[in-house]
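Heads up: numbering here begins at 1 and tracks the sequence.
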Amino acid sequence: MADVNQGSVLPNETTPPALDGLNATDSNGTDAVNATVAKFVATPEGTALAYGSLVFMALLPIFFGALRSVSCGKSKNSSDMPETITGRDAARFPIIASCTLFGLYLFFKIFSQEYINLLLSMYFFVLGILALSHTMSPFMNRIFPASIPIKQYQLLFTQGSGETKEEIVNYEFDTKDMICLVISTVVGVWYILKKHWIANNLFGLAFALNGVELLHLNNISTGCILLGGLFVYDVFWVFGTNVMVTVAKSFEAPIKLVFPQDLLEKGLGASQFAMLGLGDIVIPGIFIALLLRFDVSLKKNTRTYFHTSFLAYIFGLGLTIWVMHTFKHAQPALLYLVPACIGFPVVVALLKGELTEMFRYEEVSAEDAAAKEETTQVEKKDK
């Protein structure tokens with residue numbers, strides 16, 4: 001997640017695509033509007049289908065990622081353990097994201113775009129296979145035939161020998177995981193060879209779901225700091241400079257969801273896309289997942305804050321699209337998503353008299369929890 005880039009929602013008629021957001025592009029990711037090519041005009045049906053599909057796809061990783069985030073901390077598999085984001089991490093994140101974005105901008109200005117995208121494609125090829133395999137694993141556990149024997153495997157890579165031996169890679173998997181890896185590899189090869197939008201979306205959904213599931217905010221205040229900082233970051237890089245637009249036009253990787261606006265006319269061979277960046281899904285998504293875990297901690301058998309923030313996300317994304325089409329101007333998505341996702345749950349907490357309890361809710365990392373439990377056991381023995 002060090003490379004999560006926020007972005008904007010862009011109108012199809014007047015502006016080039018941004019690194020994150022909604023826009024119409026051709027199959028190569030270039031701007032659909034230029035001086036020599038006739039401008040593509042989507043039908044109302046095509047536009048509605050494209051944006052409706054993007055909203056639906058955005059909700060899937062948030063909903064299922066939030067549900068999986070509740071139980072992933074209990075997993076014994078180290079690869080499934082969440083990474084906790086603290087207040088310090090949240091405060092630094094917009095700075096790191098800005099440096100990453102500007103670094104990519106300089107790379108594309110100095111070096112050949114073709115070779116950079118080749119390296120990025122191989123990098124996301126490997127990450128995509130692992131992310132998609134991890135996403136498929138729970139479903140494979142449910143449908144895997146009980147009659148087929150399950151064998152355990154371990155990929156171990158060490159450095160040194162004897163007492164100085166150190167583990168570099170220790171990956172444990174079984175037959176079901178092997179099947180998931182094979183299927184994911186097929187999708188990866190399909191993406192590398194064809195760059196088809198369906199393969200792109202499979203990887204994009206997997207990245208988003210894993211981000212929502214495995215990135216945990218430690219409390220509501222940290223979530224507000226992170227979303228607030230990226231709110232400013234998003235507005236600045238969209239309205240203040242052309243850096244994000246330049247990178248977006250050059251960057252070829254499954255860091256966005258796309259859906260064709262000419263699907264009704266051309267079928268699966270469609271080439272004019274609306275897009276939604278993963279940053280506009282993952283960042284609000286990890287905050288919504290935190291609110292679900294807060295609901296669980298209340299032990300009231302209700303999901304009030306999760307449902308409220310989930311509906312707030314739908315409202316914010318819908319408002320972004322409406323403003324874009326009304327004013328025909330680029331709109332940073334987090335400009336609308338952040339106030340909605342924070343404001344709606346806070347209002348509900350105020351009405352229910354649980355605002356203090358909400359902001360006192362704290363999550364600890366697995367390492368801190370283990371250390372605390374060990375300290376407690378030592379204190380009991382001393383007594």
Side-chain angles (χ1 to χ4, degrees), residues 1-12 15-25 29-31 50-51 53-62 65 93-94 96-98 100-102 104-105 117 120 124 127-128 131 195 197 200-212 215 226-227 229-231 233-239 241-261 273-288 313-314 316-321 323-324 330-338 341:
M1 285 299 297
D3 192 26
V4 173
N5 297 298
Q6 298 309 297
S8 63
V9 173
L10 300 173
N12 298 328
T15 53
L19 191 59
D20 242 358
L22 295 163
N23 190 38
T25 62
T30 56
D31 194 359
Y51 287 131
S53 298
L54 287 177
V55 172
F56 176 73
M57 285 192 292
L59 297 178
L60 290 178
I62 292 178
F93 195 86
I96 296 173
S98 296
T100 302
L101 180 65
F102 191 68
L104 286 171
Y105 173 78
N117 279 317
L120 290 173
F124 282 99
L127 287 185
K195 294 291 172 46
W197 61 273
N200 174 90
N201 287 347
L202 289 174
F203 274 171
L205 288 169
F207 285 139
L209 190 146
N210 279 272
V212 175
L215 287 174
L226 178 65
L227 268 67
L230 289 175
F231 172 92
Y233 160 89
D234 202 22
V235 172
F236 171 76
W237 287 110
V238 172
F239 288 150
T241 73
N242 69 336
V243 171
M244 188 176 290
V245 172
T246 302
V247 173
K249 292 170 65 177
S250 308
F251 201 90
E252 294 181 9
I255 59 167
K256 56 186 177 293
L257 301 179
V258 299
F259 198 90
Q261 294 182 303
F273 296 100
M275 66 176 69
L276 175 64
L278 298 189
D280 295 326
I281 301 173
V282 175
I283 298 303
I286 60 178
F287 186 76
I288 294 171
Y313 180 84
I314 297 174
L317 196 55
L319 180 61
T320 309
I321 296 172
V323 172
M324 176 191 72
Q331 300 296 321
L334 293 185
L335 179 63
Y336 306 95
L337 291 173
V338 169
C341 291

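Every residue meeting the ring-ring contact (aromatic ring centres under 6.0 Å, His included) condition with Phe259, not counting sequence neighbours, appears here in chain and number order: Trp197. Under the side-chain hydrogen bond (donor to acceptor under 3.5 Å, both in side chains) criterion, Asn200 pairs with no residue at all, not counting sequence neighbours. With sequence neighbours excluded, the residues forming a side-chain contact (heavy atoms from CB on, under 4.5 Å) with Ile286 are Ile85, Leu215, Leu217, Leu226, Val282, listed by chain and number. Residues satisfying the side-chain contact (heavy atoms from CB on, under 4.5 Å) criterion with Leu127, sequence neighbours excluded, are Tyr123, Phe207. Partners of Ala58 according to the side-chain contact (heavy atoms from CB on, under 4.5 Å) rule, which considers only residues two or more places apart in sequence or in another chain, are Leu276, Ile281, Tyr313, Leu317. Partners of Tyr105 according to the ring-ring contact (aromatic ring centres under 6.0 Å, His included) rule, which considers only residues two or more places apart in sequence or in another chain, are Phe102. Listed by chain and residue number, Trp237 satisfy the side-chain hydrogen bond (donor to acceptor under 3.5 Å, both in side chains) test with Ser98 (two or more places apart in sequence, or in another chain). In terms of the side-chain contact (heavy atoms from CB on, under 4.5 Å) criterion, residue partners of Val338 (sequence neighbours excluded) are, by chain and number, Leu227, Phe231, Leu334, Ile342.
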Inset, instruction - Could you go through the side chain to side chain contact (heavy atoms under 4.5 Å, CB included) check for Leu120 and Glu252 one step at a time? - result: CA-CA 8 Å; Leu120 290 173; Glu252 294 181 9; over 6 Å; no
Inset, instruction - Please lay out, stage by stage, how Leu335 and Asp234 fare under the test side chain to side chain contact (heavy atoms under 4.5 Å, CB included). - result: CA-CA 8 Å; Leu335 179 63; Asp234 202 22; 5.8 Å; no
Legend entry - Candidate pair Lys256 and Phe273, rule side chain to side chain contact (heavy atoms under 4.5 Å, CB included), full reasoning: CA-CA 11 Å; Lys256 56 186 177 293; Phe273 296 100; over 6 Å; no
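Val55 is listed as a side-chain neighbour of Ile321, based on a closest heavy-atom distance under 4.5 Å.
At distances below 3.5 Å, at least one donor-acceptor pair connects side-chain atoms of Asn210 with backbone N or O atoms of Ala206.
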